[in-house]
Protein chains: 2
Amino acid sequence: MKKIAIDAMGGDFGPEPIIEGVLKALKEKDFIAYLVGDEKILKPMIPNNLLDKVRFINSDDFIKMNESATEALKRPKSTIYKSIELLKQKKVDGVVSAGHSGATMSLATLKLGRIKGIKRPAIVTFLPNIKRNYTLLLDVGANVDCDAINLYQFGLMANEYAKVVLNKNDIKIGLLSNGEEESKGNSITKEAYKLLKENFPNFYGNVEGSDIFKGTTDVVVTDGFIGNIVLKASEGAADTIGKIIKEEIKKSGILQKIGALLLKPVFKGVKKVTDYAEYGGAPLLGVNGCVIIAHGKSNSKAIKNAIFQALKYIDNNVTEKIQESLKVH
Amino acid sequence: MKKIAIDAMGGDFGPEPIIEGVLKALKEKDFIAYLVGDEKILKPMIPNNLLDKVRFINSDDFIKMNESATEALKRPKSTIYKSIELLKQKKVDGVVSAGHSGATMSLATLKLGRIKGIKRPAIVTFLPNIKRNYTLLLDVGANVDCDAINLYQFGLMANEYAKVVLNKNDIKIGLLSNGEEESKGNSITKEAYKLLKENFPNFYGNVEGSDIFKGTTDVVVTDGFIGNIVLKASEGAADTIGKIIKEEIKKSGILQKIGALLLKPVFKGVKKVTDYAEYGGAPLLGVNGCVIIAHGKSNSKAIKNAIFQALKYIDNNVTEKIQESLKVH
């Protein structure tokens with residue numbers, strides 16, 4: 001049975017939503033949960049009938065969100081450190097962390113090491129598109145300064161991961177640019193374009209910011225600086241629209257308020273499409289092992305889905321596939 | 001009276017919405033409209049009582065959207081070329097173009113020249129924020145590769161322009177980055193941070209993608225590659241939410257459809273907040289003169305507001321203020 005280490009303490013809301021998510025996952029799939037955290041707090045939260053599927057790795061230290069990522073490297077007793085250490089020693093098959101993402105990333109890269117040949121790991125996230133599917137965007141924060149080879153390798157890694165999570169073989173890879181034409185792009189993007197075009201039969205070409213949400217390609221490649229900005233800007237735009245709708249309803253008449261009540265199922269439907277809890281977390285591709293970075297504000301559903309993502313990653317040998325793919329390309 | 005040259009042919013929808021916008025503007029404000037385009041087509045569109053406020057600059061060539069910007073430099077008879085030429089010869093005080101934006105930019109930069117000391121011009125656009133105001137974002141497409149001094153100068157130019165359009169003196173300038181902390185950013189952003197901090201008392205610091213829509217600062221500075229991507233991604237995210245709401249309503253029951261009808265005024269209110277036609281166009285800051293780039297798909301309201309923007313720019317001597325500001329900073 002697969003074993004997943006879960007940082008049970010590091011999330012924004014403490015252990016409750018994390019443990020709840022683990023319990024939901026245990027009810028639906030077979031795996032052993034290694035809960036890394038304060039055993040005194042965690043153990044009473046697990047019902048007796050599930051105790052045989054749970055191991056406790058005691059730790060009373062965790063990296064707070066406002067601490068620096070480098071701090072994490074000096075805290076071998078912290079939950080993230082211990083979780084990654086378990087994976088390094090092959091005592092577990094994967095790690096899910098809703099804790100400090102920078103710390104998780106640094107520790108994973110340093111302790112597990114990069115896949116041979118991969119220059120930089122990348123965080124890949126899921127954005128909903130109008131086709132009612134997900135567009136994979138990477139990197140969203142692991143690397144702020146990237147060269148063309150980094151971007152090329154991001155495409156290669158995402159190609160393997162997308163096959164698994166989108167469940168199809170013909171993955172289209174797009175390169176994020178300021179226009180569709182080959183001539184568009186900053187200097188690094190233009191260079192990456194050439195590399196991708198020469199080496200990748202399923203390279204689609206340049207895509208624009210809006211293509212992420214149109215689902216023009218399955219994967220959109222960019223550097224971690226731009227990826228982070230695009231992710232937060234899109235979330236911000238979506239959020240703002242939601243808030244303006246609410247404000248407009250608030251200051252409108254009684255008929256509009258009734259209209260809003262009647263539309264509740266519709267708004268719920270929209271929320272479901274755009275809710276990150278539906279997919280769970282963002283894998284760190286390019287390190288030797290399965291590391292899923294969940295949102296600090298993850299609810300139990302997001303944690304459950306992040307665990308399922310880890311299981312899928314492991315069952316499909318994504319690390320090995322990336323390794324293999326490097327030999328071909 | 002101020003004179004504005006308007007490329008009357010180059011928009012996506014031909015001269016109709018443009019002329020309609022000019023007529024609306026003429027009814028509200030005093031100026032002379034120099035309509036650059038095919039006089040045979042344009043003249044019959046102007047009612048007799050407004051003919052004394054209109055001049056025709058005949059031209060039967062215009063740069064199509066799918067032509068290259070460099071093509072424009074070789075077409076002195078085209079509407080954009082003639083419009084910019086009028087400004088260069090000081091026969092008009094400003095130009096509004098809904099035509100090929102790359103061509104407008106190239107011609108303006110080449111023919112009018114840059115403001116002395118400005119290394120690169122930048123296009124500044126308006127994004128609605130939750131405070132029911134606008135955040136100014138620049139550059140959104142003039143320069144794909146920028147250095148720290150370019151970004152610094154973008155801040156300086158936008159500071160002057162924001163004072164005029166936001167009608168206040170205390171402008172907060174933010175630098176787009178992957179986190180708020182001073183330590184965040186790619187190498188160019190970090191360098192620009194230092195320049196802005198040392199020279200600009202009203203520099204706020206780094207802002208994230210979501211801050212654009214929160215209105216954390218009045219101005220957000222980035223390079224034209226990222227600015228273009230962020231702009232299109234946010235529009236794409238907003239668009240997709242709108243489409244998903246429509247789809248969900250379509251497949252829902254009769255009560256929800258009634259709810260949607262009742263909510264029409266609310267959706268209209270939201271549209272008003274997010275509609276670019278409300279502000280009109282995007283000025284090209286840093287060239288010697290007032291050049292407003294309107295959306296190719298501008299309706300008459302957008303054209304009217306772009307003309308008003310040009311008048312505001314001219315009345316407030318924005319070019320001269322940028323020039324002055326360069327001496328101080």
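Lettering follows sequence order; numbering is per chain, from 1.
In this structure, the portion of B/Asn228 lying under 4.5 Å from any heavy atom of chain A is its side chain and not its backbone. Only the side chain of B/Ser252 comes within less than 4.5 Å of a heavy atom in chain A; its backbone stays farther off. Both the backbone and the side chain of A/Ser177 come within contact range of chain B, judged by heavy atoms closer than 4.5 Å. Looking at A/Ser234, both its backbone and its side chain come within 4.5 Å of chain B, counting heavy atoms on both sides. Both the backbone and the side chain of A/Asn186 come within less than 4.5 Å of a heavy atom in chain B. With a threshold of 4.5 angstrom between heavy atoms, A/Ile249 approaches chain B through its backbone and through its side chain. In this structure, chain B has no heavy atom under 4.5 Å from any part of A/Lys264. Using a 4.5 Å cut-off between heavy atoms, B/Glu235 makes no contact with chain A at all.
Taking a 6.0 Å sphere around NZ of B/Lys64, one finds it holds more than 12 heavy atoms contributed by other residues, nucleotides or ligands.
Listed options A/Gly253, A/Gly185, A/Gly224 were ranked by heavy-atom pairs under 4.5 angstrom with chain B; first place goes to A/Gly185. Annotation: maximal heavy-atom pairing with chain A below 4.5 Å, among B/Ala237, B/Gly179, B/Cys146, occurs at B/Ala237. Interface check for chain B: of the options A/Asn143, A/Thr189, A/Leu231, the most heavy-atom pairs under 4.5 Å are formed by A/Thr189. Interface check for chain B: of the options A/Ser210, A/Ala260, A/Gly227, A/Ser68, the most heavy-atom pairs under 4.5 Å are formed by A/Ser210. Chain B forms more heavy-atom pairs under 4.5 Å with one residue of A/Val140, A/Ile258, A/Leu176 than with any other, namely A/Leu176. In terms of heavy-atom pairs under 4.5 angstrom with chain B, the leader among A/Lys257, A/Glu181, A/Lys232 is A/Lys232. Per-residue heavy-atom pair counts under 4.5 Å with chain A were compared for B/Leu263, B/Ile226, B/Asp223, and the maximum is reached by B/Leu263. Highest contact tally toward chain B, considering only A/Ile245, A/Val230, A/Thr222, is held by A/Ile245 [criterion: heavy-atom pairs under 4.5 Å]. Your options are B/Gly242, B/Pro265, B/Gly209, and the one with the most heavy-atom pairs under 4.5 Å with chain A is B/Gly209.
Judged by distance alone, the side chain of A/Asp139 and the main-chain N or O of A/Gly141 form a donor-acceptor pair under 3.5 Å. The backbone N or O of A/Lys214 lies less than 3.5 Å from no partner atom in the side chain of A/Asp211, so there is not a single donor-acceptor pair.
Across all their heavy atoms, A/Glu180 and A/Asn206 have their closest contact at O-CB, 3.4 Å.
A donor atom on one side chain and an acceptor atom on the other are not found under 3.5 Å apart for A/Asn305 and A/Lys301. Residues B/Ser97 and B/Thr104 have side chains that bring a donor and an acceptor to within less than 3.5 angstrom of each other.
Screening A/Leu285, A/Ile118, A/Val221 for a side-chain contact (heavy atoms from CB on, under 4.5 Å) involving A/Gln153 leaves a single residue, A/Ile118.
Ionic pairing of B/Glu247 and A/Lys131 is not present here: no N-O contact between side-chain nitrogen and carboxylate oxygen is shorter than 4.0 angstrom.
Of the inter-residue distances, the one linking B/Met157 atom CE with B/Asn150 atom CG reads 8.5 Å to the nearest 0.5 angstrom. Here B/Phe213 contributes atom CZ and B/Ile130 contributes atom CD1; the two are 11.0 Å apart, rounded to the nearest 0.5 Å.
Between B/Tyr279 and B/Tyr134, the ring planes lie perpendicular to each other; the angle is over 60°, past the 30° to 60° tilted range.
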